[in-house]
Amino acid sequence: MEFEGMYRQPQRPKYDCLLFDLDDTLYPVSSGLAASCGKNIRDYMVEKLGIDKGKIDTLCNLLYKNYGTTMAGLRAIGYDFDYDDYHSFVHGRLPYENLKPDPVLRSLLLSLPYRKIIFTNADKIHAVKALSRLGLEECFEGIICFETLNPVHKNAASDDEDDIEFVGLPNTTRSSDSRSQIFDIIGHFSRHGAGSGLPKTPVVCKPSEDAIERALSVANINPQRTIFFEDSVRNIQAGKRVGLQTVLVGTSNRPKGADHALENIHNLREAIPELWEFEVKSEVGYPGKVAVETSVTA
C-alpha cells in the first residue's frame, strides 16, 4: 500500500538511563587523584587509627579485595570512626586543581537524550567538587553517593532491608581503642588462605550487588534499560549480574561481564553509536525525545 507504515508507532529507545561511576571514569587515572587518595587512606590508618605502618600495605590490599573499599573493610574488622571525618581526611586534601573543565565530554553528555546519574562510592562533597571542576555539574540528574546508601552510622552489619532510610542523618562517634575487638584479617589469611569466615561490613558500597540494587531502587532505574559505565572490572561484573548493560572505561580490552570497553570516555560516540540513534530519529519527526535534566542532587 502507498500509505503503509504512515501511522506506525514510533520506536521506543532501547535505553532509559545512563549510570556513570565518577572517579577514573569521567576523568583519567593520570590526574593523580587516585594515587593521592590511596596515600591519604594509608595516612589516615596510621595517624587516626594507630595501625602499624609496616602492616598498612598488606592490610589495605586485603580490605580492598574482600570488602570493595578500604573503609568498608576497616569497619568490618572492628574499627569505628566518623564517616565525615574519614572522607574529609581522605578527599579533603586531594589535588582537585588537576581536574580541568572537559567541554568535549560535557557536549557528549548533553547530546544524549536519556536520564544520566552518577553512582559513586565517594561522599557527596567530593562528587560535587569533582563534577564542578570538570564542568559537568549540569549534565546529571542526580548523584547516588556514600550518604545515599549509608544514611546512618551503624555499629553492626545488618541484612534488614527496613534499615534503609534515604535521608541524611548525623553520624555518631565512639572510641576506637577497643583493640581486642579488632579482627586480625592478616592472620586469618595466613592461617586459612581464603575469604570464608570474614566479618560483615555495615558499609554499603560497590561492588556489592546489594549496593547496586539499592541504588537502582533509590533512583527508580530499570536495569534492563540502563547502561553502567565503570572503570572497575569487578564493579562491572557485579552490575552485569544484576542485569545492567555494562561499559568498562579505561581500556579497550573487554573482560568477561563487559558489553563494551572504552579506552577513554571521549570515545563514547564511536564505541556505542546506538546511543545516538534515537536522537537522529527524533530529529526527523519521531516524538518522545527525553528531556535532559540538569540539577545535581544527593
Chemist: Any side-chain heavy atom of Cys145 within less than 4.5 Å of one from Asp123?
Modeler: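 They are not in side-chain contact.
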Chemist: Aromatic rings Phe146 and Tyr83: how do their planes relate, parallel, tilted or perpendicular, breaks at 30° and 60°?
Modeler: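 The rings of Phe146 and Tyr83 stand perpendicular, inter-plane angle above 60°.
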Chemist: Using the side-chain contact (heavy atoms from CB on, under 4.5 Å) definition, which of the options Val218, Ile143, Ile144 pairs with Ile117?
Modeler: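 Between Ile117 and the candidates, side-chain contact (heavy atoms from CB on, under 4.5 Å) is satisfied uniquely by Ile144.
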Chemist: Do the non-hydrogen side-chain atoms of Arg75 and Asp80 ever get within less than 4.5 Å of each other?
Modeler: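 In contact.
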Chemist: Write down the atom of Ala258, the atom of Thr246, and the distance for their closest heavy-atom approach.
Modeler: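 In this case the closest contact between Ala258 and Thr246 is CA-OG1, 3.2 Å.
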Chemist: With Lys129, which residues qualify under salt bridge (charged side-chain N to carboxylate O under 4.0 Å, His left out), at least two apart?
Modeler: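 Result, salt bridge (charged side-chain N to carboxylate O under 4.0 Å, His left out) vs Lys129: none returned.
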Chemist: Give me the ring orientation class for Phe229 and Phe20: parallel if the planes are under 30° apart, tilted from 30 to 60°, perpendicular past 60°.
Modeler: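 The rings of Phe229 and Phe20 lie parallel, inter-plane angle below 30°.
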Chemist: Thinking salt bridges, do Lys124 and Glu147 make one under a 4.0 Å N-O criterion?
Modeler: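 No.
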Chemist: Would you say the side-chain atoms of Asn98 and Ser31 include a donor-acceptor pair closer than 3.5 Å?
Modeler: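 There is no such pair (donor and acceptor under 3.5 Å, judged by atom type) between the side chains of Asn98 and Ser31.
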Chemist: Between Asp210 and Arg214 (salt bridge meaning N to carboxylate O under 4.0 Å), is one present in this structure?
Modeler: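 Salt bridge flag = yes for Arg214 with Asp210.
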Chemist: Determine whether a donor-acceptor pair (N or O, by modelled atom type, separation under 3.5 Å) exists between the side chain of Thr58 and the backbone of Lys55.
Modeler: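 Not confirmed, Thr58 side chain does not pair with Lys55 backbone.
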Chemist: Is there a chain of hydrophobic side chains (I, L, V, M, F, W, Y, each step under 4.5 Å between heavy atoms) that links Phe89 to Ile56?
Modeler: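 Yes; Ile56 is reachable from Phe89 via cluster members.
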Chemist: Looking at Arg225, Lys116, Arg115, which one forms a salt bridge (charged side-chain N to carboxylate O under 4.0 Å, His left out) with Asp16?
Modeler: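 Testing each of Arg225, Lys116, Arg115 against Asp16, the sole residue satisfying salt bridge (charged side-chain N to carboxylate O under 4.0 Å, His left out) is Arg225.
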